[in-house]
Amino acid sequence: MTPSSPSSVKAGMLEGVESALGLSKGSLPKPFYTRLQLWGAVFPTNTHGVPCIFDPFGRAGICGDWLLGSNIEAAVLSGIALANHIADYSQSPGTDPGEFAVGLNHEFQPLEGHGIG
């Protein structure tokens, strides 16, 4: 995928909103202010291959698109997985916390899947 300019990304996003709303191209008013950050390392090359990472002893969790892929769907699925995992952990008093550890001992693997585009 070739790098995009901020102006082409903004135009594409506005066209996508118009399309999703069933509006004709160019029918939305031009925004009076926009800010767009294009990330230099948008496509991760490796992953843990787990939907989230959770350390029950440190009471810390990590989620993000880089764990499952390189798109918004992967980010959402990762966040949901972590939320569900934390809920399961908090609703299981008396259970060995080590049973809820996820992703702490996984080696990084080449990323499978595809990016948007």
Checklist entry - Remaining members of Phe57's ILVMFWY cluster at a side-chain heavy-atom cut-off under 4.5 Å? => result none
Item to check | Atom pair OG1/OH of Thr95 and Tyr89 - distance to nearest 0.5 Å | outcome: 9.5 Å
Checklist entry - If every non-hydrogen atom of Leu23 is compared with every non-hydrogen atom of Ser27, which pair is closest and at what distance? => result CB-OG, 3.2 Å
Item to check | Residue pair Met13 / Val17, side-chain heavy-atom distance below 4.5 Å | outcome: no
Checklist entry - Out of curiosity, Ile62 CD1 to Cys52 SG, how far, rounded to the nearest 0.5 Å? => result 9.5 Å
Checklist outcome for this item: Closest non-hydrogen atoms of Leu104 and Ile53, given as atom of the first, atom of the second and distance, are CD2-CG2, 3.8 Å
Checklist entry - Roughly how far apart are Leu68 CG and Ser78 OG, rounded to 0.5 Å? => result 5.5 Å
Checklist entry - Restricting to pairs with a member in residues 22-32, which pass salt bridge (charged side-chain N to carboxylate O under 4.0 Å, His left out), not counting sequence neighbours? => result Glu15-Lys25
Side-chain donor-acceptor pairs under 3.5 Å in residues 79-88, sequence neighbours left out?
from	atom 1	to	atom 2	distance (Å)
Asn84	ND2	Ile80	O	3.4
His85	NE2	Phe100	O	2.6

Checklist entry - Any idea which heavy atoms bring Leu28 and Leu14 closest together, and the distance? => result CD1-O, 4.1 Å
